[in-house]
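Taking it in order: structure first as structure tokens, then the write-up.
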Number of protein chains: 2
Amino acid sequence: MTTKPKARTTTGSVDRRALRDGVYDAVLEMLLDGTTPPGSSLGIDSLARELGVSPTPVREALVQMEHTGLVSRTALKGYKVAPPLGPEQMTELLDARTMLELSAVERAAPHTETLLPDLKIAHAEHVLSAHRVRRRQQQHGQAPKGYADLREYFNADWEFHLVIIRAARNRFLLQMAESLSAHVHRLRQSADLGVYDLDQAVAEHAEIIAAFESRDELAPVEAMRAHLAGVAERSVEQA
Amino acid sequence: MTTKPKARTTTGSVDRRALRDGVYDAVLEMLLDGTTPPGSSLGIDSLARELGVSPTPVREALVQMEHTGLVSRTALKGYKVAPPLGPEQMTELLDARTMLELSAVERAAPHTETLLPDLKIAHAEHVLSAHRVRRRQQQHGQAPKGYADLREYFNADWEFHLVIIRAARNRFLLQMAESLSAHVHRLRQSADLGVYDLDQAVAEHAEIIAAFESRDELAPVEAMRAHLAGVAERSVEQA
DNA sequence: AACTCCCATATCCTATAGGATTTATCGTGG
DNA sequence: CCACGATAAATCCTATAGGATATGGGAGTT
């Protein structure tokens with residue numbers, strides 16, 4: 001499996017991506033798939049052999065991933081998959097996310113004119129991927145099990161939020177949001193959501209857009225607050 | 001040549017610090033001293049030779065430092081010191097910090113009883129280091145030039161804020177704050193503050209403590225807001 | 001039977017070497 | 001005098017090897 005020689009040299013492409021970025025993506029995919037149980041040790045040369053590279057880029061990718069909280073390192077002992085988020089940690093995550101996104105909406109409101117087109121595009125992508133997931137679910141009976149199917153939907157959903165955060169014109173807020181994104185994804189992975197969540201999320205996103213279109217200063221904040229409250233409710237519902 | 005490349009093994013402590021952590025601290029110190037001009041390239045094996053280690057731990061330390069924003073990496077080109085914060089970036093930083101710390105104060109208010117002792121200790125340390133800096137300034141005439149003298153004061157000041165943020169009992173907020181700390185330090189380094197700022201900061205911190213002691217829910221938030229507004233005012237005053 | 005000590009294996013951490021790429025310098029032509 | 005191209009040095013990126021350390025199992029003792 002995955003025994004590709006990687007075509008390492010002289011690809012002539014505009015990639016400009018070092019090997020460590022590719023390793024980072026591979027490990028991230030591996031973690032988000034949920035195949036690796038939490039607490040299992042991530043051996044460096046094990047990953048190196050598995051990916052067909054040397055330990056050095058693997059080490060760098062793990063260092064980069066350390067700050068996301070998905071892996072934890074113990075000096076001279078190695079890396080291991082971080083334990084799953086407990087109930088109180090989940091509450092903390094939702095709380096921090098709410099704080100951050102509400103502030104972002106406040107700061108994005110003055111730029112509603114330039115924000116709305118991008119937001120509508122992101123919403124369309126979200127709706128489309130939701131349709132696709134629903135179609136897939138109807139075909140395969142239920143529970144597509146393969147997380148890769150939902151991956152596209154999650155990205156579209158998160159992209160909707162990112163568009164708003166980008167409109168806040170504050171790179172530190174954006175940095176914080178990206179720092180939280182991995183945890184948000186992992187939280188949703190653990191919560192085996194059903195098909196109803198899709199409809200509700202899409203509807204709440206639509207209300208956020210409507211709130212922005214109303215040109216009311218407070219409406220978007222309230223719409224986002226309602227949406228995140230719904231997300232929190234649906235998340236703890238699983239636990 | 002202030003480096004001790006030897007005798008790092010089996011110190012008996014529970015730290016278990018690998019070499020890459022030491023390199024990280026060394027590079028951080030180097031950057032915060034302000035001796036390295038922004039935009040200058042940080043050669044990997046240059047640092048390796050300078051610190052007396054191999055390139056591998058240097059590389060890992062730089063990867064770890066990449067996410068703080070103090071250094072920027074271009075694939076296949078190397079690392080360089082990040083450009084200094086422009087005026088709008090400074091505004092963004094203060095804005096993000098205000099948002100974060102006000103939220104932290106709100107969440108810390110319910111735990112005032114356990115918070116106050118630690119806060120008073122941190123405040124005492126802050127006052128002490130302020131005295132020390134003032135004494136030093138009176139001796140050396142003015143402008144201690146050596147940033148290392150102010151380093152202790154900055155840490156004490158920031159520790160005061162960290163105590164409050166820790167009391168918020170939200171590890172993601174704390175993570176965000178630590179992510180911002182490097183930028184805050186660098187901002188203060190560029191702003192060559194005078195002795196009056198010390199008194200004002202100490203006074204405002206004391207008012208924050210008084211606000212917590214008043215057992216009023218809103219008072220601490222307002223006190224922190226006033227403090228951060230003062231910090232912003234004194235920062236832009238330099239530009 | 002339970003505990004301690006010791007050793008073998010696996011892994012991490014650091015150092016060194018080689019291939020690929022970028023940047024600087026120098027010479028030549030317009 | 002300026003622009004352009006080729007060569008050379010420096011640097012980055014990756015691979016491999018060796019020393020140091022933690023973990024697991026077995027023998028011996030109480």
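Only a predicted model underlies this, so the values are computations on that prediction, with no experimental measurement involved.
Side-chain N/O atoms of A:Lys80 and A:Ser40 include no donor and acceptor closer than 3.5 Å. A donor and an acceptor atom, one from each side chain of B:Gln175 and A:Ser179, are located under 3.5 Å apart.
Scored by the ring-ring contact (aromatic ring centres under 6.0 Å, His included) test, B:Phe172 finds A:His183 as partners (sequence neighbours excluded).
Classified by interplanar angle (parallel below 30°, tilted 30° to 60°, perpendicular above 60°), the ring pair B:His161/B:Trp158 is parallel. Ring-plane geometry between A:Phe154 and A:His185 is classed as perpendicular, the angle between the planes exceeding 60 degrees on a 0 to 90 degree scale with a lower cut at 30.
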Item to complete: Step by step, work out the side chain to side chain contact (heavy atoms under 4.5 Å, CB included) result for A:Leu93 and A:Leu85.
Response: CA-CA 9 Å; A:Leu93 176 61; A:Leu85 278 66; 3.8 Å; yes
For nucleotides 11-14 of chain C, give me every protein contact, N/O to N/O, under 3.5 Å, one pair per line with atom names.
unit_1	atom_1	unit_2	atom_2	d
C:dC12	OP1	A:Ile44	N	2.9
C:dC12	OP2	A:Ile44	N	3.2
C:dC12	OP2	A:Asp45	OD1	3.3
C:dC13	OP1	A:Leu76	N	3.1
C:dC13	OP2	A:Arg59	NH1	3.0
C:dT14	OP1	B:Leu19	N	2.4

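Within 6.0 Å of CD on B:Glu125 lie no more than 12 heavy atoms contributed by other residues, nucleotides or ligands.
Scanning DNA chain C for stems, defined as runs of 3 or more consecutive Watson-Crick or G-U wobble pairs whose donor-acceptor distances all fall under 3.5 Å, gives the following ranges: C:1-30 with D:1-30.
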